[in-house]
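One structure is given here, and the rest of the page talks about it.
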Amino acid sequence: MRPAGPHPPATSDLEGLDPEQRAAVEHDQGPLLIVAGAGTGKTTVIARRIAHLIASGRARPSEILALTFNEKAATEMQERVDVLVPYGYADAHIATFHAFGEEVLSSFGIEIGIAPSFTVLDQTAQALFLAEHLEELGLDQYAPLSDPTKYLRELAGFFNKLKDYPIAAEELRRFAEAGLARSETDPAARDGFARALELARAADRYNTLGWKQGFVDFGDLLALTLRLFDESPSALQFLQQRFRYVLVDEFQDTNPVQFEIVRRLTAVHRNLVVVGDDDQSIYRFRGAHLQNILKFHEFFPDARSIVLTRNYRSTREILKSARRLILVNQDRLETRLLISKELLTERTGPMPRIKELPTEAEEAAWVAAEIRAAVESGARRCRDIAILVRSNKNAEPFLRALDEQGVPYYFPGSRGLFQRPEIREMVALLYSLSQDAREDHLYHLAESAYGVPGDDLSRLVHELSSEPTKLRTLMERASNRSTAVEISEEGRERIATMLEDLRALKHTARDHRVGEVLRAYLERRGIIKRLRAPSSFEDEIKARNIVKFFKVVQMFASVAVVDRVPLFLRHLGAIMDYGEDPAVAEIGEESDVVQVLTIHRAKGLEFPVVYLVQAATDRFPTRNLRRGIDVPVELAPGERTSSELHKEEERRLCYVAFTRAKEELIATHAVDYGGKRPRQRSEFLSEAFDLGKPAPAQKRQRVMEELEAYRTDAPQGLPPLARPPAHEPIRLSHQRIADYDTCPLKYHFLHVLAVDPILTLDHRVNFGNAVHQAVAFALERHRLGEPPTFEQVLEVYRSSWRNEGYRSEEHARRRFEQGAAALRSFLEREVLGEEPPTDVERSFRFNLGDVIVSGRMDRVDEGPDGVVITDYKTSELEGEEHADASARDNLQLSIYALAHKELTGRVPQRLELRYVLGGAVGTSTRSEEKLERTRDRILAIAESVRSVDFRAQPSEHNCSICACRPICSESAV
DNA sequence: GCCCGTAGGGTTTTT
DNA sequence: CCCTACGGGC
Ligand SMILES: Nc1ncnc2c1ncn2[C@@H]1O[C@H](COP(=O)(O)OP(=O)(O)OP(=O)(O)O)[C@@H](O)[C@H]1O
């Protein structure tokens with residue numbers, strides 16, 4: 001790889017430019033907008049123009065300001081200009097918008113009350129700051145008691161988004177208040193405005209709190225700069241006089257506040273040149289705006305416009321497909337401004353290819369094999385080739401396949417450090433040394449760092465269910481042979497080593513810094529020695545990741561009051577929960593290797609050969625998922641999100657991918673990415689190559705996947721299990737069925753290995769238990785004709801309460817109060833106000849063949865028209881209108897209904913979900929057919945359990961809330 | 001052609 | 001959990 005762009009000799013500053021480029025470079029005074037497609041030399045023009053301004057003596061270098069969107073572009077621009085302006089005095093100001101803002105604020109910030117010594121908070125620091133001050137932001141709906149930090153990321157994102165425009169907190173507040181005042185009769189609208197008001201207040205408090213302490217976030221670097229320009233005419237004037245020529249690259253990626261800054265800066269001399277390509281705007285998700293290009297003409301009606309159409313990169317075949325694709329988009333400058341950006345070139349080459357393969361693995365293998373062949377034949381070098389993926393995790397199979405083919409590669413992932421095994425191991429170690437150690441940390445450490453066999457661990461954990469002690473204690477006993485639990489010799493030795501290490505390191509941790517403790521651990525384990533002279537690619541990556549983790553430790557050390565393990569763990573926990581997951585270490589960056597990149601990362605680069613992979617339904621384009629909190633449209637005109645706009649952005653992304661290719665473009669896709677349905681080729685391929693609708697879905701080939709099931713090493717990290725004898729009945733419960741449904745591996749952890757004694761219960765589970773106990777008690781007394789007093793119910797609630805896992809004492813107290821208040825209204829409503837139930841906590845058990853299903857119904861009411869079965873829920877109230885739908889879809893109720901049917905031959909008259917916290921009730925019924933399906937589902941799960949099928953089904957959501965996550969190696973998060 | 005149940009995904013990245 | 005797309009059934 002190399003950065004796109006020429007390095008022509010410095011002799012003539014106009015040499016080699018085509019007429020349009022030349023016109024742009026020579027453009028004299030006044031505003032100029034250059035719009036052009038990919039590979040037309042836009043970046044080249046900016047660099048050459050800077051050189052020309054200097055060389056022609058029209059400007060001194062210090063009078064030139066070139067703004068880019070990211071560091072990389074700024075560095076690259078600087079390098080190009082350095083080559084073009086030989087005397088080494090090219091000190092034109094080339095910077096990112098943020099760097100420029102930071103500089104301006106350092107010099108002039110004091111005029112708007114920002115002391116020059118301010119600290120810039122990065123995304124992680126900002127999240128930590130928010131977490132620390134969450135209670136001071138006056139949040140309500142955005143900090144629910146069940147999970148106060150639930151919206152923390154969203155809030156941070158929202159506060160940043162406000163600054164992209166910028167919309168002041170004050171402005172948002174006025175908007176919300178006005179809205180509330182005029183929508184008195186419309187509860188839905190009121191709710192929206194109330195939320196906006198809550199956000200406005202929180203944003204204001206967050207800002208004030210931070211600024212007072214000398215913290216500014218990234219958004220502030222821009223928003224405060226703009227405010228400075230508006231509030232301090234002298235500062236603005238100074239900068240206007242200093243920078244007489246302003247240039248902006250990648251203008252389509254700028255957001256409104258950036259444009260406003262540039263406008264102010266050039267308001268007097270109007271020497272502003274911007275270049276951009278609306279078709280390559282791929283950061284709209286982050287506030288970039290086509291609006292800016294349109295507004296350019298609005299603010300500079302006399303602006304000159306230049307369109308570049310000569311393409312210096314790709315073949316005609318590639319350009320033709322790219323154009324056909326991008327023309328599908330409706331929202332484009334070509335149509336709005338009536339210009340033509342159609343790209344011209346004389347170059348020709350092979351037609352782009354599309355390759356369909358049966359499975360994901362075969363797709364990756366095919367690409368890797370092609371690459372290997374091309375490199376071996378000498379036709380290409382590795383660096384000539386790029387594999388472009390839509391999202392980081394799509395890269396995985398390709399990296400594996402390249403490994404297998406022995407093809408070296410570079411993959412700059414953008415996160416994932418904390419998921420790496422070598423890092424998880426160190427984290428588990430640190431926890432195991434601290435007071436906050438949980439059993440799962442020790443389990444994980446033993447399993448993954450010390451290689452204690454899974455069989456031994458399961459036996460130890462199993463023992464815990466009968467012997468109420470600590471895993472640590474059992475391990476101590478195992479290591480000196482004083483337990484009845486059967487442990488392999490290998491396991492015993494490894495456990496002994498681990499415990500010895502832990503004792504020694506615990507000692508070290510008392511009076512040493514975190515970095516020193518970790519180092520001591522790595523020394524003891526011989527890891528340092530091994531990684532000092534890495535013998536494999538994998539070891540090299542490990543070593544670098546460990547170094548990266550030490551950077552996190554260092555960062556902590558530089559801000560920590562006391563550099564000791566327990567404090568570090570609190571810090572790390574917060575980073576992992578709401579901070580940024582750092583990128584894994586990069587490798588092979590500079591050398592002759594294949595580049596595996598996300599399309600976003602590939603922007604601005606060019607390669608002779610490009611593979612665009614996983615071009616299939618749901619992979620590319622991705623689905624439209626809106627997340628985060630939206631800025632009210634009234635305040636952010638032109639800001640719309642819709643699935644069509646999303647698709648257009650994805651299409652631009654595809655356009656960027658295509659136009660990275662100079663000679664060869666190959667798009668691949670597979671039919672089988674592991675799901676149940678066959679995948680079709682991306683609609684973008686149909687559009688670009690005029691293919692019409694993809695062929696009807698053939699039956700998926702399951703060959704590979706079937707083989708996969710017989711892999712001897714799968715599933716990972718689990719002891720091999722014997723198939724239970726056919727005559728032994730399978731016992732299932734609602735919980736077991738639900739767990740298997742969520743993820744077979746979760747079932748395995750919880751109900752086969754029975755690891756629950758070493759897992760930590762979420763505070764919500766404890767809360768739910770306490771409320772349930774109290775509800776059951778109240779109902780039972782009601783049933784017996786002795787309705788309890790509130791004090792009695794409260795007593796049961798209090799005695800079941802566990803004060804663990806809350807954010808703070810205050811949080812626990814408020815949550816307790818919430819439960820108590822709910823119980824009070826529950827008592828009034830359902831005990832004083834309703835007939836007593838027929839049964840409370842009624843146990844049941846029925847057989848389906850050799851499957852035994854058992855459980856307990858919270859409440860049963862028998863009436864003349866049949867039976868009503870009720871389940872109480874303690875989750876936060878979702879919209880009341882959804883309560884019936886929840887009751888309809890609820891698996892637990894289906895199982896109770898089926899139980900009733902099996903035991904009495906009759907379908908219950910009604911099923912109810914009662915939400916204790918809000919008092920909402922959802923009612924539903926179950927038809928015979930529906931129960932039939934429930935029964936089939938149970939039987940299918942039983943069969944899978946019998947056949948020992950516990951392959952993990954990792955998913956974003958399920959893994960993020962799964963109790964087994966700390967000990968699971970398959971987790972998606 | 002429309003309704004409903006079921007399957008599948010849950011980005012992208014910079015400062 | 002929540003939202004969307006698709007395919008089967010009518
Ligand atoms: N006048 C020219 N003569 C020859 N080659 C040129 C000329 N102008 C630009 N190029 C080459 O064309 C390629 C694309 O240039 P550049 O990266 O500046 O284009 P761009 O418009 O910024 O592309 P993109 O929008 O895709 O990032 C580079 O390899 C560059 O060296």
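What you see is a predicted model, and the numbers here were worked out from it, not measured in a lab. Chain naming here is simple, since letters A, B, ... match the order of the sequence lines and numbering starts at 1 in each.
- Side-chain N/O atoms of A/Ser391 and base N/O atoms of B/dT11 include no donor-acceptor pair closer than 3.5 Å.
- Distance CD (A/Glu250) to P (B/dT14): 13 Å, rounded to an integer number of Å.
- Counting to the nearest Å, the C1' atom of B/dT6 and the CG atom of A/Asp936 are 15 Å from each other.
- The closest side-chain donor-acceptor pair between A/Asn207 and A/Lys163 falls under 3.5 angstrom.
- For A/Thr617, no side-chain nitrogen or oxygen approaches OP1 or OP2 of C/dA5 to under 4.0 Å.
- For A/Glu650, the side-chain atoms get nearest to B/dT11 when compared with the rest of B/dG10, B/dT11, B/dG9.
- Distance A/Glu76 CD to B/dT14 P: 14 Å, rounded to the nearest Å.
- The separation between A/Asp581 atom CG and B/dT11 atom P is 13 Å, rounded to whole Å.
- For A/His646, the listed nucleotide lying nearest its side chain is B/dT11; candidates were B/dT11, B/dT13, B/dT14.
- Here the P atom of nucleotide B/dT13 and the CZ atom of A/Arg284 are 18 Å apart, to the nearest Å.
- Mapped onto DNA chain B by nearest heavy atom, A/Asp618 and A/Arg888 fall at different nucleotides, with A/Arg888 at the one closer to the 5' end.
- One can place OH of A/Tyr283 at 7 Å from C1' of B/dT14, the figure rounded to the nearest angstrom.
- Side-chain contact, A/Arg926 with A/Ser894: a donor N or O sits under 3.5 Å from an acceptor N or O.
- Looking at heavy-atom distances under 4.0 Å, A/Ser960 makes no contact with the nucleic acid at all.
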Output, in order, the C-alpha distance, side-chain angles, deciding distance and verdict of salt bridge (charged side-chain N to carboxylate O under 4.0 Å, His left out) for A/Asp249 and A/Lys42. CA-CA 8 Å; A/Asp249 194 13; A/Lys42 293 186 296 298; over 6 Å; no
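- Judged by centroid separation below 5.5 Å and plane tilt below 30°, A/His957 stacks onto the base of C/dC1.
- Contact annotation for A/Glu580: base contact, defined as any heavy-atom pair under 4.0 Å involving a base atom.
- Summarising the geometry, the separation between CD on A/Gln680 and P on C/dC6 is reported as 8 Å, rounded to the nearest angstrom.
- In this structure, A/Asn958 does not reach the B/dG9 phosphate: none of its side-chain N or O atoms is under 4.0 Å from OP1 or OP2.
- Among the nucleotides B/dT13, B/dT15, B/dG5, the one closest to any side-chain atom of A/Glu71 is B/dT15.
- Considering only side-chain atoms of A/Glu956, the nucleotide from B/dT15, B/dT11, B/dT13 that sits closest is B/dT11.
- Taking the six-membered ring for Trp, A/Tyr611 and A/Phe398 have ring centres at least 6.0 Å apart.
- For B/dT11, neither phosphate oxygen OP1 nor OP2 lies less than 4.0 angstrom from any side-chain nitrogen or oxygen of A/Arg619.
- The side chain of A/Arg601 sits closest to B/dT14 out of B/dG5, B/dT14, C/dA5.
- Among the protein residues, A/Thr598 comes within range of the sugar-phosphate backbone only, with heavy atoms under 4.0 Å from sugar or phosphate atoms but none that close to a base.
- Spacing between B/dT11 and C/dT4 at atom C1', rounded to whole Å, works out to 16 Å.
- In the set B/dT14, B/dG10, B/dG9, B/dG10 carries the atom at the smallest distance from any side-chain atom of A/Ser955.
- A/Gln126 and A/Tyr206 share a donor-acceptor pair across their side chains, judged by distance under 3.5 Å alone.
- No contact: A/Asp217 has no heavy atom under 4.0 Å from any strand.
- More than 12 heavy atoms of other residues, nucleotides or ligands lie within 6.0 Å of CZ in A/Phe418, so this atom counts as buried by the packing criterion.
- One interatomic measurement links the two molecules: CZ of A/Arg937 to C1' of B/dG5, which rounds to 12 Å at whole-angstrom precision.
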